[in-house]
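As the structure is a prediction and not an experimental result, all values here were calculated from the model. Within every chain, numbering begins at 1; the chains are lettered A, B, ... in the order of the sequence lines, protein sequences first and strands thereafter.
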Amino acid sequence: MYVAVKGGEKAIRNAHRLLAEKRRGDTSVPEVGVDQIREQLSLAVDRVMAEGSLYDRDLAALAIKQARGDLVEAIFLLRAYRTTLPRVGTSQPLDTAAMHVRRRISATYKDVPGGQVLGPTFDYTHRLLDADLSLPAEHQPETRSETAQDEKASSFTGTCPKVLSFLEKEGLLPPEEGADSPPGDLTRQALELPAGRDIRLQNLARADEGLLLALAYSTQRGFGSTHPFAGEIRMGEVEVFFTPEELGFPVLVGEVTLTECESVNNLTAAKGQPVSFTRGYGLAFGESERKAISMALVDRALRAGEFDEEERGPAQNAEFVLYHSDNVEASGFVQHLKLPHYVDFQADLALVRALRGKTDMGGNDACPDK
Amino acid sequence: MLHDVRKRRMAALVLADETVLEAEAAKFFDSLSYTFLRRPEAGLVVLEGRAGNSGQRFNLGEMLVTRCVVRLEPQGNGTATEGYAFVHGNRPRHAELVALFDALLQQEAWAKPLTRSLIEPLVARREEQLRKRAEETAATRVDFFTLVRGEDE
């Protein structure tokens, strides 16, 4: 039981004033602009949008600034802000096959139609700190990419077919099918189990990246292995279409950057059916590759029941995953422990003293200042 | 098919730089008479994804948009038109300008000249941006090859 406390207004006001000062830091250093965060800390912005479940680069950048760079706090700010806005409607399902691709790789096929493009990746960097970055730009060495001269590179048009479609055509991977009915919505109805894949995917899309990463890793280490391959990872811009009631036809609202991972996983042979691969799906706002891969692995792990797999790890347990994935909820519940619990604790204290009094006659008083 | 033309124009306006729309509107803004049927207002559009891009639909998250509706009186003969805008982000002025141009482009006297002076250059600019983006990306195209390591020999 939590009993309310009163008082401390002045201390709280002063604490918030101090927080604002600490946010600003040393005033001899120029203040960082929201536009600088948006442009130069773009992956932090992406994470805040993904887990804040709200696509807007400016708001996410503002939240990061306000939260002093604490991304989970920034996510909380974004979640709180979205509750103040009216909902206009629902987009047409985003078509990732029509993505203007800026990165696309496959770990299953070397020569995949449309080609593999690395895009702006940390992969293959040496992870050595670059002292040049601490210099102003004009003193940094120039890094222009060499123009792509060969024919293959110039044949890249920006859109490419889905890698997994080749396995589908061969009949080795069942195509994704699902009801065309509107999906459930976690922001409107509380989570109930068993949860359909629509609810699970929504939950994972806004889930804490750290938790998803750990769960995905746990499946790889044997806690419910699903033998994944990254069939395709693609990142780029997808156009958003929305049909306003007043117009009755879809209009372009803008474009969003998305990262998608489609995994190819271990075999299944449903009764009377030939053996085939299975699949997991990850989709996230922004350049969020670690998140998208983790999501695909956890999505596949959560489909254990569908393929009659024995549950051998937490990642396969929908209740465990779905109820602990939200970092706003988790952070709230864990951090509420720091609020005054004086009355609860007094109750426990009285109980322990009473028990000690019974068994340990004349024992020392543990709290002499009482 | 009328919708297709309007859709393409609206798309060009939505993706345009606000400053470009502002500069174009400034040429004749004072001669226009329009009222808001809906003042620019921020809201959310739910973004839906599909498992594997073809399967189960699910809510991926929401997107901030600004909507606006204007009613534009005709210049000379003709009827008043309503212009609509649904623009990504919290961009009240951009939404107002998109709605205004949408209304203008539905009026015969404006459609042709505005298509030429504004829409066509916007479409060309967008194509150029996409081409440039694809070119930058193409420079990172990779050909992996597999090697026999020779342990088995």
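Crowding of A:F241 atom CZ: a count of heavy atoms from other residues, nucleotides or ligands under 6.0 Å exceeding 12. By the 6.0 Å contact criterion, CZ on A:F166 is enclosed, its count of non-hydrogen atoms from other residues, nucleotides or ligands being greater than 12. Counting non-hydrogen atoms of neighbouring residues, nucleotides and ligands closer than 6.0 angstrom, the CZ atom of A:R87 exceeds 12 such neighbours.
The contact between B:R133 and chain A is made entirely by side chain atoms (from C-beta outward), counting heavy-atom distances below 4.5 Å. Interface remark: A:S165 contributes no atoms to any contact with chain B (heavy atom separation under 4.5 Å). Both the backbone and the side chain of A:Y55 come within contact range of chain B, judged by heavy atoms closer than 4.5 Å. At a 4.5 Å heavy-atom cutoff, the contact between A:E262 and chain B is made by side-chain atoms alone. For a residue to count as touching a neighbouring chain, one of its non-hydrogen atoms must lie under 4.5 Å from one of that chain's; by this rule A:L59 touches chain B with the side chain only. Only the side chain of B:V14 comes within contact range of chain A, judged by heavy atoms closer than 4.5 Å. Contact of B:R67 with chain A is made through the side chain alone, with heavy-atom distances under 4.5 Å. Proximity to chain B involves both the backbone and the side chain of A:R82, based on heavy atoms less than 4.5 angstrom apart. With a 4.5 Å cut-off on non-hydrogen atoms, A:P120 does not touch chain B at all. Contact annotation for A:V101: only backbone heavy atoms (N, CA, C, O) come within less than 4.5 Å of a heavy atom of chain B. Of the two parts of B:L15, only the side chain, counted from C-beta on, holds a non-hydrogen atom closer than 4.5 Å to a non-hydrogen atom of chain A. Looking at A:L186, there are no atoms closer than 4.5 Å to chain B (heavy atoms on both sides), in backbone or side chain. Only the side chain of B:V65 comes within contact range of chain A, judged by heavy atoms closer than 4.5 Å. For A:Y109, no part sits under 4.5 Å from any heavy atom of chain B, backbone or side chain. Of the atoms belonging to A:L201, heavy atoms from both backbone and side chain fall under 4.5 Å from chain B. Contacts of A:E232 with chain B are absent, with no heavy-atom separation under 4.5 Å from either backbone or side chain.
In summary, A:R102 and B:E136 do not engage in a salt bridge, as defined by a charged side-chain N under 4.0 Å from a carboxylate O. A salt bridge does not link B:R50 with A:E176: every distance from a Lys NZ or Arg NE/NH1/NH2 to an Asp or Glu carboxylate oxygen is 4.0 Å or more.
Contact detail for A:P86 and B:E41: the closest heavy-atom pair is CG-OE2, 4.2 Å. For A:R103 against B:T137, the heavy-atom pair with the smallest separation is N-CG2, 4.5 Å. The shortest non-hydrogen separation linking B:N59 to A:P183 is OD1-CG, 3.5 Å. In plain terms, the two heavy atoms of A:S53 and B:L60 that are nearest each other are OG-O, 4.1 Å. Shortest non-hydrogen contact noted between B:V45 and A:S91 is CG1-N, 3.6 Å. Closest non-hydrogen pair, A:F249 versus B:K7, comes out as CD1-CG, 3.5 Å.
Between the CZ atom in A:R206 and the CD atom in B:E62 there is a gap of 8.0 Å [rounded to 0.5 Å]. In this structure, CZ in B:F58 is found 11.5 Å from CG in A:N203, a value given to the nearest 0.5 Å.
For residues 79-105 of chain B, heavy-atom neighbours of chain A at less than 4.5 Å comprise B:Y84, B:F86, B:V87, B:H88, B:G89, B:N90, sorted by residue number. Identified by a heavy-atom distance below 4.5 Å to chain A, the contributing residues of residues 122-131 of chain B are B:R126, B:L130, in residue-number order.
Under the side chain to side chain contact (heavy atoms under 4.5 Å, CB included) test applied with B:L44, the options A:D56, A:L85, A:T84, A:V88 reduce to a single match, A:L85. The residue from A:T90, A:D198, A:D180 that alone fulfils the side chain to side chain contact (heavy atoms under 4.5 Å, CB included) condition with B:R57 is A:D180.
With chain B as partner, the option from A:E237, A:R104, A:R200 having the largest number of non-hydrogen pairs under 4.5 angstrom is A:E237. No other option in A:Q92, A:R279, A:E255 has as many heavy-atom pairs under 4.5 Å with chain B as A:E255. Between chain B and the options A:A205, A:G254, A:G158, A:P93, heavy-atom pairs under 4.5 Å are most frequent for A:P93. Of the listed residues (A:V251, A:L283, A:L204), the one with the most heavy-atom contacts under 4.5 Å to chain B is A:L283. Annotation: maximal heavy-atom pairing with chain A below 4.5 Å, among B:G55, B:S54, B:A51, occurs at B:A51. Interface remark: of the candidates A:T159, A:D58, A:T187, A:D95, A:D95 forms the most heavy-atom pairs closer than 4.5 Å to chain B. Each of B:N53, B:L64, B:T66 has some count of heavy-atom pairs under 4.5 Å with chain A, and the biggest count is that of B:N53. Ranked by heavy-atom pairs under 4.5 Å with chain B, the first of A:S181, A:G248, A:G196, A:G184 is A:S181.
Looking at A:L252 and B:M10, their side chains never come closer than 4.5 Å, going by heavy atoms from C-beta outward. Side-chain atoms of A:V240 and B:M63, non-hydrogen and from C-beta on, do get closer than 4.5 Å to each other.
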Q: Verify side chain to side chain contact (heavy atoms under 4.5 Å, CB included) between B:L47 and A:L94, making sure each step is shown before the conclusion.
A: CA-CA 7 Å; B:L47 300 183; A:L94 300 168; 4.1 Å; yes

